Amino acid sequence: MTIVVVSTGGTIMAREDPRTGRLVPTVTAAELVGLMDWPDAPALEVEDFTSVPSWDLHGDLAARLARRVAEHAARDDVTGIVVPHGTDTMEENVYLADLLHGGDTAVVFTGAQRAASVADSDGPRNLRDAVRVAGSPAARGRGAMVAFAGSIHAAREVRKVHTSALDAFASPGYGPIGHVDGETVTFGLRPEPRSRPAFDSGRIEARVDLIRLYAGSDTRFLEAAVASGARAIVLEATGRGNANDAIVGAVRTATAAGVAVVVCSRCVAGRVEPAYGRGGGADLAEAGALFAGDLAGPKVRILLQLALGAGVEPAVALAADAA
């Protein structure tokens with residue numbers, strides 16, 4: 001059986017450009033596999049899907065990556081899929097891949113905090129770990145995951161929590177679902193099974209905006225989003241999902257115009273609930289806003305992009321995530 005490595009770029013595949021001193025993703029998938037220096041590695045099939053920094057891997061390109069991963073996962077001769085990916089948006093694209101992956105084949109994203117051209121790069125170790133996870137029978141049926149710095153995280157909960165530390169990913173409020181210790185892959189938790197609405201089209205609706213609130217937020221960004229044609233707006237509100245009276249008014253206007261508004265929290269853990277008045281979550285709900293539980297803002301946006309692209313109502317998609 002084969003493990004497919006679908007490379008996308010990012011720091012794990014980056015070298016320093018000698019002319020500019022800047023890091024650019026120039027390592028091929030075959031070169032990356034060679035850097036592991038692993039003579040006894042399982043059978044690997046490599047594919048150079050794209051070569052971009054992850055902040056440029058979004059929209060239709062990200063959807064095509066998720067569909068390509070799903071195609072490989074559906075093959076009878078494939079044990080697992082490994083996706084070397086930049087760390088900046090890994091948490092979004094692993095979630096996208098998870099939403100479009102309906103089978104049992106393990107899909108494992110990984111990356112690096114130190115470039116391939118650095119002598120002590122963490123990329124080869126992370127890639128070896130990801131291959132081991134993808135090939136583990138215990139990884140089947142767990143959806144898409146991130147393997148990084150010895151920990152394994154579920155797609156829905158994983159967040160990048162540090163800009164440069166080697167241990168850059170965590171699952172706030174949940175913790176990792178497993179670990180890699182040398183050659184040993186162990187799982188302690190299984191992600192909650194969730195029913196999913198039909199996202200078969202795999203089409204991304206680009207017009208979903210993410211707005212982060214702060215003390216004293218005004219309505220300019222909300223109004224600009226509506227005026228520029230947003231189909232939906234994700235509000236990263238404070239605390240349990242709170243705003244202020246001005247924002248509540250702008251939300252009422254937006255929902256009356258047919259724009260879905262979904263509230264999550266700018267906190268890294270915990271759920272939003274429509275509990276408070278005077279501009280709080282209860283007022284936002286009365287104005288027509290929906291609430292996203294404990295799903296992080298960038299992932300709420302991914303969920304809405306897929307739902308709207310497939311003609312699924314945001315409320316239905318959010319209910320399926322919570323089920």
Side-chain angles (χ1 to χ4, degrees), residues 3-42 44-58 61-62 65 69 80-94 97 106-135 144-153 155 158-171 176 178-185 298:
I3 293 172
V4 182
V5 179
V6 182
S7 68
T8 68
T11 300
I12 192 171
M13 307 186 74
R15 287 194 177 105
E16 184 178 297
D17 185 328
R19 297 171 302 164
T20 66
R22 296 174 180 174
L23 295 174
V24 289
T26 58
V27 176
T28 68
E31 288 178 298
L32 182 64
V33 167
L35 290 173
M36 290 193 299
D37 193 20
W38 188 7
D40 298 326
L44 300 176
E45 176 185 322
V46 298
E47 176 181 335
D48 288 297
F49 177 81
T50 189
S51 184
V52 296
S54 69
W55 58 82
D56 270 344
L57 212 172
H58 56 86
L61 179 60
L65 170 64
V69 167
I81 318 294
V82 173
V83 184
H85 191 287
T87 59
D88 281 10
T89 62
M90 188 185 298
E91 65 188 81
E92 292 163 75
N93 288 335
V94 71
V107 174
V108 187
F109 279 57
T110 195
Q113 292 285 75
R114 295 175 180 167
S117 55
V118 175
D120 60 348
S121 173
D122 54 327
R125 174 196 167 181
N126 285 342
L127 185 59
R128 284 195 301 272
D129 286 354
V131 169
R132 287 191 168 110
V133 174
M145 298 164 275
V146 168
F148 211 95
S151 295
I152 309 167
H153 298 275
V158 68
R159 306 279 295 272
K160 185 174 182 181
V161 296
H162 199 286
T163 61
S164 59
L166 299 186
D167 190 6
F169 287 87
S171 297
H179 294 90
V180 183
D181 183 7
E183 298 181 4
T184 303
V185 176

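These numbers come from a predicted model, not from an experiment.
Looking at heavy atoms from C-beta onward, Leu61 lies in side-chain contact with Phe49 at the 4.5 angstrom threshold. Ile152 places none of its side-chain heavy atoms less than 4.5 Å from the side chain of Pro176.
For His85 and Phe109, the ring centers sit closer than 6.0 Å to each other.
With sequence neighbours excluded, no residue forms a salt bridge (charged side-chain N to carboxylate O under 4.0 Å, His left out) with Arg132. With sequence neighbours excluded, no residue forms a salt bridge (charged side-chain N to carboxylate O under 4.0 Å, His left out) with Arg22. In this structure, Arg128 has no salt bridge (charged side-chain N to carboxylate O under 4.0 Å, His left out) partners at least two apart in sequence or on a different chain.
One distance of note links CG of Leu127 with CG of Leu32; it measures 5.0 Å at 0.5 Å rounding. In this structure, the separation between CD on Glu183 and CG on Asp40 is 8.5 Å, given to the nearest 0.5 Å. Note that OG1 of Thr11 and CG of Asp122 are 9.0 Å apart. Values are rounded to the nearest 0.5 Å. Atom-to-atom distance recorded for Ser171:OG and His153:NE2 is 5.0 Å, nearest 0.5 angstrom. Considering CD1 of Ile3 and CD of Glu45, their distance stands at 11.5 Å, rounded to 0.5 Å. With values rounded to the nearest 0.5 angstrom, Leu23 atom CG is found 14.0 Å from Met13 atom CE.
At distances below 3.5 Å, at least one donor-acceptor pair connects side-chain atoms of Ser121 with backbone N or O atoms of Arg114. Side chain of Ser54 to backbone of Thr89: a donor-acceptor contact under 3.5 angstrom is found. In this structure, Thr8 contributes its side chain and Pro84 its backbone to a donor-acceptor pair below 3.5 Å. Proximity of a side-chain donor or acceptor of Asn126 to a complementary backbone N or O of Gly111 within less than 3.5 Å is detected.
Of all heavy-atom pairs spanning Thr87 and Ala112, the tightest one is CG2-O, 3.5 Å. For the residue pair Ala115 and Ala14, the shortest heavy atom distance occurs at CB-O, 3.4 Å. Closest heavy-atom contact between Pro25 and Gly10: CB-N, 3.8 Å. Heavy-atom minimum distance, Ala165 versus Gln113: O-NE2, 2.9 Å. Here the closest non-hydrogen pair linking Thr26 and Ser51 is N-OG, 4.5 Å. The minimum heavy-atom distance linking Met145 with Ala106 is given by the pair CE-CB, 4.1 Å.
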message = I'd like to know whether Phe148 forms a side-chain contact (heavy atoms from CB on, under 4.5 Å) with Val158, so could you lay out the CA-CA distance, the side-chain angles of the two residues, the decisive distance to 0.1 Å, and finally the verdict.
response = CA-CA 11 Å; Phe148 211 95; Val158 68; over 6 Å; no

message = Pair Leu44, Met36 - check side-chain contact (heavy atoms from CB on, under 4.5 Å), show working.
response = CA-CA 12 Å; Leu44 300 176; Met36 290 193 299; 3.8 Å; yes

message = Would Val83 and Asn93 count as a side-chain contact (heavy atoms from CB on, under 4.5 Å) here? Give the steps.
response = CA-CA 10 Å; Val83 184; Asn93 288 335; over 6 Å; no

query = Does the side-chain contact (heavy atoms from CB on, under 4.5 Å) test come out yes or no for Asp88 and Lys160, once each step is laid out?
reply = CA-CA 7 Å; Asp88 281 10; Lys160 185 174 182 181; 3.3 Å; yes

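For Asp181, the CG atom counts as loosely surrounded, since its 6.0 Å shell holds 12 or fewer non-hydrogen atoms of other residues, nucleotides or ligands.
Side-chain contact, Thr28 with Glu31: a donor N or O sits under 3.5 Å from an acceptor N or O.
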